[in-house]
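What follows is one structure encoded as structure tokens, with my remarks underneath.
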Protein chains: 2
Amino acid sequence: MAEDVKKGMRSPGDPLRGGMDLMVLSILAQERCYGYGIQQQVARASGGTVRLPAGTLYPLLHRLEAEGLISSRWDAATGRRRKWYALTSAGRRKLKLQASRWQSYAACLQVLLRPLIGESS
Amino acid sequence: MAEDVKKGMRSPGDPLRGGMDLMVLSILAQERCYGYGIQQQVARASGGTVRLPAGTLYPLLHRLEAEGLISSRWDAATGRRRKWYALTSAGRRKLKLQASRWQSYAACLQVLLRPLIGESS
DNA sequence: CTCTATTATATCGAATATCGATATAAGGAG
DNA sequence: CTCCTTATATCGATATTCGATATAATAGAG
């Protein structure tokens, strides 16, 4: 149940390709949520600048579930028929890894971008 | 000579898909450089954590040049036969745009990631 | 001088993330 | 009843990334 670990996929492409994965995982790390709710959280967290289209979101959720990083459960207790997703322990590990890679990537980009933004120092 | 401007390019995929573009553009914004040198700068700026494989780099440079964002010029004055790239004015505009989008994306992710990293407060 | 590692650029094919369009269904407002 | 929003889903098109591979020139070791 972890055959994806050895599949490959190192290098910088990872933090980029899976950027949306990281967003979803980080949201689910705080509390369980359903697709549409995740979509709204992303929009809110970015002030509407970042969007997560349904055509991206749902295939992504299915993929994460297939990889065992999240688990799903239909629940209509809130009055609405929703598919709630929760992070698995494997998902938590993956999140840490992805977040770490992301930090590296973001830090690198910040180093390269800094001299172009403010040169007050 | 600017047919890419009207092509579309909304949504979050852009700052992700063109992540490497942004790196290359930001490096060339500081001073002209050649492929191999860019590769090394990325490695150095990230402490070796981020890599830009040749199979990614050169097609990327060719694409950016085809889009008119950078210009190339062979020059062996430094003792080595190298293809030097420089940012065009269109490239500078693109860089600003891409950087802005990147900031939005990075800010969003930081908001989502923050509560998972430090909970000391 | 010869041999090798590094520098330097290039291309191809495979893998795959993203997205617009599209479809479906259910709940609430008027 | 009708319409908008919520909510999930899938498909095909597109673009990016990367490993593998090839080539050539240069520097240094022996």
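In what follows, every chain begins at residue 1, and chains take the letters A, B, ... in the order their sequences are listed. Please read these numbers as outputs of a predicted model, since none were measured by experiment.
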Tell me the interatomic distance from [X], atom [atom1], to [N], atom [atom2], rounded to whole angstroms.
X	N	atom1	atom2	result
B:Leu57	C:dA10	CG	P	9 Å
B:Arg51	D:dC18	CZ	P	11 Å
B:Leu52	D:dT16	CG	C1'	12 Å
B:Ile38	C:dA10	CD1	P	11 Å
A:Gln39	C:dG20	CD	P	11 Å
A:Leu60	D:dT8	CG	P	14 Å
A:Glu67	C:dT16	CD	C1'	11 Å
B:Leu61	D:dT17	CG	C1'	14 Å

Specify the residue among A:Pro59 and B:Tyr34 whose closest nucleotide of DNA chain C lies further upstream toward the 5′ end.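 Counting from the 5' end, the first nearest nucleotide belongs to B:Tyr34.
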If the sugar-phosphate is the primed atoms plus P, OP1 and OP2 and the base is the rest, what is the B/S/- string for nucleotides 21-30 of chain C, using protein heavy atoms under 4.0 Å? B-----S---
State which of [options] makes the closest approach to the side chain of [X].
X	options	value
A:Tyr36	D:dA7, D:dT17, C:dT18	D:dA7
A:Pro53	D:dT17, C:dT18, C:dG20	C:dG20
B:Tyr58	D:dT8, D:dT10, C:dT9	C:dT9

Enter the distance from A:Gln40:CD to A:Arg51:CZ here, rounded to the nearest 0.5 Å.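 The CD atom of A:Gln40 sits 13.0 Å away from the CZ atom of A:Arg51.
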Any sub-3.5 Å donor-acceptor pair from [X]'s side-chain atoms to [Y]'s backbone N or O?
X	Y	result
B:Ser100	B:Lys96	no
A:Ser26	A:Leu22	yes
A:Ser46	A:Val42	yes

With sequence neighbours left out, what residues match A:Ser71 under side chain to side chain donor-acceptor pair (under 3.5 Å)?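 For A:Ser71 there are no side chain to side chain donor-acceptor pair (under 3.5 Å) partners, ignoring immediate neighbours.
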Can you sort out the partners of A:Thr78 under side chain to side chain donor-acceptor pair (under 3.5 Å), two or more places apart, ordered by chain and number?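 In terms of side chain to side chain donor-acceptor pair (under 3.5 Å), with neighbours along the sequence ignored, A:Thr78 is linked to A:Arg82.
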For A:Tyr85 and B:Thr56, find the nucleotide of DNA chain D closest to each by heavy atoms; which residue's nucleotide sits nearer the 5' end?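 Taking each residue's closest nucleotide, the earlier one in sequence belongs to A:Tyr85.
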Closest-nucleotide ordering on DNA chain D, the 5'-leading residue of A:Gln40 and A:Lys83: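 Its nearest nucleotide lies further toward 5', so the answer is A:Gln40.
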Under 4.0 Å: is that the gap between some side-chain N or O of A:Arg63 and OP1 or OP2 of C:dA17?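 Checking A:Arg63 against C:dA17: at least one side-chain N or O falls below 4.0 Å of OP1 or OP2.
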Short side-chain N/O contact to C:dT9 OP1/OP2 from B:His62, under 4.0 Å: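 It does not, given that no N or O in the side chain of B:His62 lies less than 4.0 Å from OP1 or OP2 of C:dT9.
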Under the 6.0 Å and 45° cation-pi test, does B:Arg32 pair with B:Trp84?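 Yes, B:Arg32 and B:Trp84 form such a contact.
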Looking across every strand, which nucleic acid part, if any, lies under 4.0 Å from A:Trp74 by heavy atom: base, sugar-phosphate, or nothing?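 Counting heavy atoms under 4.0 Å across all strands, the contact made by A:Trp74 is with sugar-phosphate only.
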